[in-house]
Amino acid sequence: DEKRKEPEALAVANMTIANVYHLEGNNEKAFTYAFCADSIIDDNKITRLKLYSILNLGDMFEKSGKISAALDYTEKAY
């Protein structure tokens with residue numbers, strides 16, 4: 001499977017798509033892609049992207065008005 005050969009690139013692509021949807025106000029799709037990226041990062045132990053993923057999700061939750069979830073994700077970064 002071609003996707004499995006480049007998990008880091010796939011994770012970055014999913015985070016980028018999540019950010020675009022979030023900027024457009026489509027939070028449902030944004031979170032779908034953000035969680036997909038986070039799963040790829042976890043499954044492939046891509047530690048250098050994990051902090052970015054956590055902070056990205058925290059920011060998305062905060063901007064969506066979900067403060068409790070935003071705090072949960074932001075605390076995971078520290």
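Count residues from 1 along the sequence.
Within the 4.5 Å cutoff, the side chain of Thr74 has no heavy atoms near those of the Phe61 side chain. Side-chain contact check for Asp42 versus Lys50: some heavy-atom pair is nearer than 4.5 Å. Put simply, the side chain of Ile41 does not reach to within 4.5 Å of the side chain of Glu8, judged on heavy atoms. Contact of the Pro7 side chain with the Asp43 side chain is not registered, since no non-hydrogen atoms from C-beta on lie closer than 4.5 Å. Under the 4.5 Å side-chain criterion, counting only non-hydrogen atoms from C-beta, Met15 is in contact with Leu49.
In this structure, Asp38 contributes its side chain and Ala34 its backbone to no donor-acceptor pair below 3.5 Å.
Among all heavy-atom pairs drawn from Gly58 and Ala70, the shortest one is O-CB, 3.4 Å. Scanning both residues, Ala11 and Ala37, for their nearest heavy atoms gives O-CB, 3.5 Å.
With sequence neighbours left out, the salt bridge (Lys or Arg N to Asp or Glu O under 4.0 Å) criterion links Asp72 to no other residue. With sequence neighbours excluded, no residue forms a salt bridge (Lys or Arg N to Asp or Glu O under 4.0 Å) with Lys29. Contacts of Glu62 classified as salt bridge (Lys or Arg N to Asp or Glu O under 4.0 Å), with partners at least two apart in sequence or in another chain: none.
Taking Ile, Leu, Val, Met, Phe, Trp and Tyr as hydrophobic and joining them when side-chain heavy atoms fall under 4.5 Å apart, one finds Tyr21 in a cluster with Ile17, Tyr33. Connectivity analysis of hydrophobic side chains (ILVMFWY, heavy atoms under 4.5 Å, direct or indirect) links Val20 to nothing; its cluster partners are none. In this structure, Leu55 belongs to a hydrophobic cluster whose other members, linked by side-chain heavy atoms under 4.5 Å apart, are Leu51.
Put simply, CG on Leu10 and SG on Cys36 are 6.5 Å apart, with the number rounded to the nearest 0.5 Å. Tyr73 contributes atom OH, which lies 8.0 Å from atom OG of Ser53 (distance to the nearest 0.5 angstrom). Note: Asn14 CG to Ile40 CD1 = 4.5 Å, rounded to the nearest 0.5 Å. Taking CE from Met60 and CG from Leu23, the interatomic distance works out to 9.5 Å, rounded to the nearest 0.5 Å.
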Criterion side chain to side chain contact (heavy atoms under 4.5 Å, CB included) on Leu57 and Phe31, from CA distance to verdict = CA-CA 8 Å; Leu57 279 161; Phe31 281 109; 4.1 Å; yes

